[in-house]
Amino acid sequence: MIELAPSILSADFARLADDVRAVTEGGATLLHVDVMDGHFVPNITIGPVVVASLRKVTELPLDVHLMIEHPDDYVEAFIEAGADWVSVHQEACVHLHRTVSLIRSKGAQAGVVLNPATPVETLVDVLDMVDYVLIMSVNPGFGGQKFIPGSLAKLKKLVAMRAARGLNFRIEIDGGVTLETIAEVVRAGAEVLVAGNAVFGGSGGKGDAKKNVEKLLAAAKDATLQRV
Ligand code: DX5
Ligand code: ZN
């Protein structure tokens, strides 16, 4: 099943509830929440307080992408605030096994994220304990960047690794997913598609988020029919 996860990073933060309603009406089934600390990535965004506010205005699962150092210190706070899915970067976790176990022990779906320069093979020893793997198709930190084509090979490799071991974690892609790139990421095996700019139309909240979600989902569903 293909799911679209609008990234609220590109939404209008003064009208978050309206933007969430629009993407829900368009068919989004998950909301992607980008948490940045100004250390792991060169940008600062939101903390558990905003997750708690979102929790009050939507029943969609909240997919919280932690682009922060020392994620173990914050996992519990985000889950208490209402995060349903929590992902951490492989590059930020010295004790990744411990961090994944922590997320699961608190009752959330656990994901691991890979930066564009990090090979999928680095996850071999945790793949059997994750609920999802998120492949970054841009360098994290900002919305509206250009899709890095090498991510497609990583998606395919991950699909093959999953099949070879009979595992069933989900595969998510994040960065530069637009009407132009969505078909190829779906054909390469991505199942959870994060899109920020392509949904909210960039800063200032331009564009019709509901229609954009509908168009992206239609293009993604078409592409599933062309999967090899
Ligand atoms: C980038 C974030 C993404 C970002 C995607 O660091 O992790 O979730 O919001 O935005 P677009 O879809 O505009 O590339
Ligand atoms: Zn993200």
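First listed ligand is number 1; within each ligand, the first listed atom is number 1.
At distances below 3.5 Å, at least one donor-acceptor pair connects side-chain atoms of Asp131 with backbone N or O atoms of Ala110. A donor-acceptor pair under 3.5 Å links the side-chain atoms of Asp19 to the main chain of Asp12, judged by distance alone.
Residue-and-atom listing of protein N/O/S atoms under 2.8 Å from the Zn ion (ligand 2), sorted by chain and number: His32 NE2, Asp34 OD1, His65 ND1, Asp174 OD2.
Taking the side-chain contact (heavy atoms from CB on, under 4.5 Å) definition, one finds that Asn115 meets it with Phe40, His89, Glu91, Thr118, Met136, Pro140, sequence neighbours left out. Under the rule for a side-chain hydrogen bond (donor to acceptor under 3.5 Å, both in side chains), Glu59 has no partner lying at least two apart in sequence or in another chain.
Annotation: Phe169, atom CZ; neighbour count of heavy atoms from other residues, nucleotides and ligands within 6.0 Å is above 12.
Near ligand 1, Ser7, Leu9, His32, Asp34, Met36, His65, Met67, Met136, Pro140, Gly141, Phe142, Gly143, Gly144, Asp174, Gly175, Gly176, Val194, Ala195, Gly196, Asn197 each place a heavy atom less than 4.0 angstrom from the ligand.
Side chains of Glu121 and Lys157 form a contact here, defined as non-hydrogen atoms less than 4.5 Å apart. At a threshold of 4.5 Å between non-hydrogen side-chain atoms, the residues Val133 and Met161 do not count as touching. Asp128 has its side chain within reach of Leu167: a pair of non-hydrogen atoms, C-beta onward, lies under 4.5 Å apart.
One finds the CD1 atom of Ile182 at 7.0 Å from the CG atom of Leu217 (value rounded to the nearest 0.5 Å).
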